[in-house]
Participant: 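Quick one: the structure is below, and I'll ask about it shortly.
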Amino acid sequence: MKHLFFFLSAFFPLSLLAQDNTCSCSQVMEKLITKIETEYPGFAHKTIDYSSYKTLKNNLLNQSHAANNEACRRILKQYTDFFKDPHLWVGTNGTPFSAPGNTEIQSLEIDLPDFKNKINQTKDEYEGIWTNENYVFGVKKTGSIEHTGFIIDSKYPQWKSKNIKFKLLPNGTFEYALLDGTIKRGDYRLLDKSILYLEDVSVTLVKQTPKPVLNKLQIEEKIRALNGFYFKSVTPKTALLKLPSMEQKYLATIDSLIENNKSLLENSENLIIDLRGNPGGTTDSYQKLLPYISGKIIRNTGAEFLATQTYIDQLEKYKKTLDQNTDTKGLDAKIKVLKEHLGNFVNFNKDGDLPYYDEKVEVASKSPKHIIILANKMTGSSAEYFLFIAKQSKKVKIFGKPSYGALDYGNAFLTDLDCGYQVFLPTYRALRLPDYPIDNIGIQPDIYLENTVKDWVTFAVDYLEN
């Protein structure tokens with residue numbers, strides 16, 4: 001059985017809520033608690049230390065009685081954060097609440113006219129004026145160990161001139177302030193001294209001053225390569241497939257990309273699949289790849305679904321969106337079983353209640369001999385499951401860093417609470433638990449690439465061919 005995984009990045013600012021100011025936070029809190037305690041598949045496992053959970057719950061309930069909207073968001077988020085599940089969050093307008101922001105935005109003491117006049121003379125490859133669609137940044141070396149990115153101009157009124165937006169640290173990592181002041185950390189790359197890419201927040205900056213090495217067309221091509229789907233030869237022996245997402249809306253794009261490049265799949269000695277920054281989507285997205293990368297059998301993790309009326313309602317709602325010619329017998333049978341087992345876990349494995357199921361693959365007659373998959377900590381959900389099953393192939397190695405870690409509980413849906421609040425709630429738990437957890441740990445690479453490796457593709461090609 002194929003599963004649909006959802007993954008939503010936490011890099012959102014606090015939403016502007018369309019909520020009733022007279023709404024009772026305690027009412028929302030009580031409904032959220034009931035929802036989690038009766039419909040969250042991980043509740044029993046996550047509350048083994050029940051006394052800690054009960055203490056937190058009671059404290060937050062007490063706080064909720066006098067909470068305004070801002071305090072209520074914090075209380076609700078603190079409750080769902082207790083479970084440490086990337087697929088479980090509370091928010092509004094389809095957006096999770098972020099952590100409390102940094103209330104004191106720092107500014108850099110700098111003479112802006114003097115900086116602009118002198119920056120053309122710098123020999124430092126990071127110093128200069130950089131832009132994207134939202135900001136004009138100045139980047140200046142501060143001290144001897146880091147570079148500071150500060151605002152010159154911003155489309156957002158909360159960010160003023162000279163405010164510090166990010167710092168580049170000498171170990172290849174950055175600190176970046178989101179719209180609400182929340183600090184995110186990750187890795188950065190400098191491409192051809194012209195493009196600065198903060199990959200863990202998907203921020204791309206283009207150098208304006210001093211003049212970049214690349215011309216405008218070359219920069220646009222590089223940015224498309226960073227953010228787009230493509231399949232190409234990088235050497236006569238090695239092909240590169242870039243998949244930045246596995247979301248349902250890109251399914252046709254991925255299928256056609258693979259279908260139109262079968263000659264590369266069949267005739268390349270080596271294949272690199274770049275999944276860096278891929279947040280997941282649906283497992284359907286990589287089915288056409290399996291004959292070229294896997295063996296005859298894939299051993300899949302089994303899962304059991306918690307039968308709830310909410311899940312049944314979601315499936316029936318989904319059924320109404322299908323074309324009238326679509327065969328719904330399988331879906332109808334699933335809904336029927338869920339209705340018969342409300343409140344209990346259901347294993348839809350056709351082979352019985354086994355914790356796994358074997359998937360037979362018709363292996364392609366011609367395929368790459370060696371395959372490297374590039375992954376980082378922003379490779380999540382169904383992209384992680386691809387890593388999980390790809391590792392079973394003798395000819396596959398994973399290079400990079402541990403993936404995001406959002407795979408233990410999945411098939412999540414957005415459900416309305418009272419007063420405009422929403423909860424994003426998984427419907428199943430993986431049957432490899434508790435022996436083999438992946439949430440907040442990630443799929444581990446076969447070869448770890450530290451920050452001294454600036455070009456992962458070049459590193460992978462060198463590994464494959466030399």
Participant: Would W89 and F424 count as a close aromatic pair, with their ring centres under 6.0 Å?
Facilitator: yes
Participant: Looking only at side chains, do Y385 and N300 share a donor and an acceptor under 3.5 Å apart?
Facilitator: yes
Participant: For the residue pair T173 / N171, report whether a side-chain donor-acceptor contact shorter than 3.5 Å exists.
Facilitator: yes
Participant: Is there a side chain to side chain donor-acceptor pair (under 3.5 Å) between K395 and N270? Walk through the geometry before answering.
Facilitator: CA-CA 10 Å; K395 60 182 182 179; N270 309 309; over 6 Å; no
Participant: Among K140, K141, H147, whose side chain to side chain donor-acceptor pair (under 3.5 Å) with D124 holds?
Facilitator: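 Exactly one pass, corresponding to H147.
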Participant: Examine R185 relative to F174 and say whether NZ or CZ is less than 6.0 Å from the centre of the six-membered ring and inside a 45° cone about the ring axis.
Facilitator: no
Participant: Does NZ or CZ of K165 come closer than 6.0 Å to the centre of the six-membered ring of W159, within 45° of the ring's axis?
Facilitator: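 Yes, K165 lies over the aromatic ring of W159.
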Participant: Quick one: does any side-chain atom of N347 pair with a main-chain N or O of E304 as donor and acceptor, under 3.5 Å?
Facilitator: no
Participant: Walk me through it: do T379 and E384 pass the test side chain to side chain donor-acceptor pair (under 3.5 Å)?
Facilitator: CA-CA 6 Å; T379 305; E384 288 183 285; over 6 Å; no
Participant: Give a yes or no on whether the backbone of L169 and the side-chain of Y188 come within a donor-acceptor separation of less than 3.5 Å.
Facilitator: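 Judged by distance alone, yes, a pair lies under 3.5 Å.
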Participant: Working to the nearest 0.5 Å, report the span between OH of Y409 and NE2 of H45.
Facilitator: 4.5 Å
Participant: What I want to check is whether the side chains of K242 and N278 have a donor and an acceptor closer together than 3.5 Å.
Facilitator: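 Side-chain D/A pair, K242 to N278: absent.
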Participant: Do we see a donor-acceptor contact under 3.5 Å between the side chains of S107 and N163?
Facilitator: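 Yes, side-chain donor-acceptor contact under 3.5 Å.
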Participant: Look at atom CD of E221 and say whether more than 12 heavy atoms of other residues, nucleotides or ligands are closer to it than 6.0 Å.
Facilitator: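 Open.
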Participant: Apply the test ring pair (Phe, Tyr, Trp, His ring centres under 6.0 Å) to residues F345 and F305: give CA-CA distance (whole Å), side-chain angles for both, the deciding distance (0.1 Å), then the verdict.
Facilitator: CA-CA 5 Å; F345 281 96; F305 291 76; 9.4 Å; no
Participant: Got a donor-acceptor contact below 3.5 angstrom from the D462 side chain to the T458 backbone?
Facilitator: no
Participant: Give, for atom CD of E133 and atom NZ of K155, the distance between the pair rounded to the nearest 0.5 Å.
Facilitator: 7.5 Å
Participant: Going by salt bridge (Lys or Arg N to Asp or Glu O under 4.0 Å), D408 matches just one of R429, R432, K46. Which one?
Facilitator: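 It is R432, the one option of R429, R432, K46 that forms the salt bridge (Lys or Arg N to Asp or Glu O under 4.0 Å) with D408.
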Participant: Side chains of Y197 and K222: do they bring a donor and an acceptor to under 3.5 Å?
Facilitator: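 No - no donor-acceptor pair under 3.5 Å links their side chains.
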Participant: Can you confirm whether the side chains of T131 and Q208 place a donor and an acceptor under 3.5 Å from each other?
Facilitator: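 There is such a pair (donor and acceptor under 3.5 Å, judged by atom type) between the side chains of T131 and Q208.
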Participant: Test side chain to side chain donor-acceptor pair (under 3.5 Å) on H87 and D439 and set out the steps.
Facilitator: CA-CA 9 Å; H87 278 118; D439 278 9; 5.6 Å; no
Participant: Taking ring pair (Phe, Tyr, Trp, His ring centres under 6.0 Å) as the criterion, tell me which of F150, F166, Y126, W130 meets it with F137.
Facilitator: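 Only one option passes, and that is F166.
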Participant: Kindly give the heavy-atom pair with the smallest separation between K160 and I151, and that separation in Å.
Facilitator: O-CB, 3.2 Å
Participant: Please check if the side chain of N261 supplies one atom and the backbone of L264 the other of a donor-acceptor pair under 3.5 Å.
Facilitator: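 A pair under 3.5 Å: no.
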Participant: Does D327 form a salt bridge (charged side-chain N to carboxylate O under 4.0 Å, His left out) with K329? I'd like the steps, not just the answer.
Facilitator: CA-CA 6 Å; D327 184 358; K329 289 181 182 178; 5.3 Å; no
Participant: Can you check whether L331's main-chain N or O pairs, donor with acceptor, with T328's side chain at less than 3.5 Å?
Facilitator: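 No.
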Participant: How long is the span from the OG atom in S403 to the CD1 atom in I438, to the nearest 0.5 Å?
Facilitator: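 So the OG of S403 and the CD1 of I438 are separated by 7.0 Å.
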Participant: First locate atom CD of E109, then atom NZ of K162, and finally report the distance between them rounded to the nearest 0.5 Å.
Facilitator: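 Atom-to-atom, E109:CD and K162:NZ are 7.0 Å apart.
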Participant: Can you tell me if D446 uses its side chain to pair, donor with acceptor, with the backbone of I398 under 3.5 Å?
Facilitator: yes
Participant: When you measure from the side chain of S294 to the backbone N and O of L290, does any donor-acceptor pair fall under 3.5 Å?
Facilitator: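 Yes, because the side chain of S294 sits within donor-acceptor range (under 3.5 Å) of the backbone of L290.
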Participant: Heavy-atom count check: over 12 atoms from other residues, nucleotides or ligands less than 6.0 Å from Y230 OH?
Facilitator: yes
Participant: Can you list the steps and then say if F399 with Y448 is a ring pair (Phe, Tyr, Trp, His ring centres under 6.0 Å)?
Facilitator: CA-CA 6 Å; F399 281 30; Y448 172 75; over 10 Å; no
Participant: Side chains of Y176 and D200: any donor to acceptor distance under 3.5 Å?
Facilitator: no
Participant: Verify, without hydrogens or angle tests, whether T282 (side chain) and E247 (backbone) share a donor-acceptor contact under 3.5 angstrom.
Facilitator: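 Judged by distance alone, no pair lies under 3.5 Å.
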Participant: Calculate, to the nearest 0.5 Å, the distance between atoms NZ and OG belonging to K366 and S263 respectively.
Facilitator: 9.5 Å
Participant: We want to know whether T238 and E269 form a side-chain donor-acceptor pair, criterion being a heavy-atom distance below 3.5 angstrom.
Facilitator: no
Participant: Check whether any side-chain N or O of E359 sits under 3.5 Å from a backbone N or O of Y357 as a donor-acceptor pair, and report yes or no.
Facilitator: no
Participant: Could you give the distance from OH (Y286) to CG (L275), rounded to the nearest 0.5 Å?
Facilitator: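 Answer rounded to 0.5 Å: 10.5 Å.
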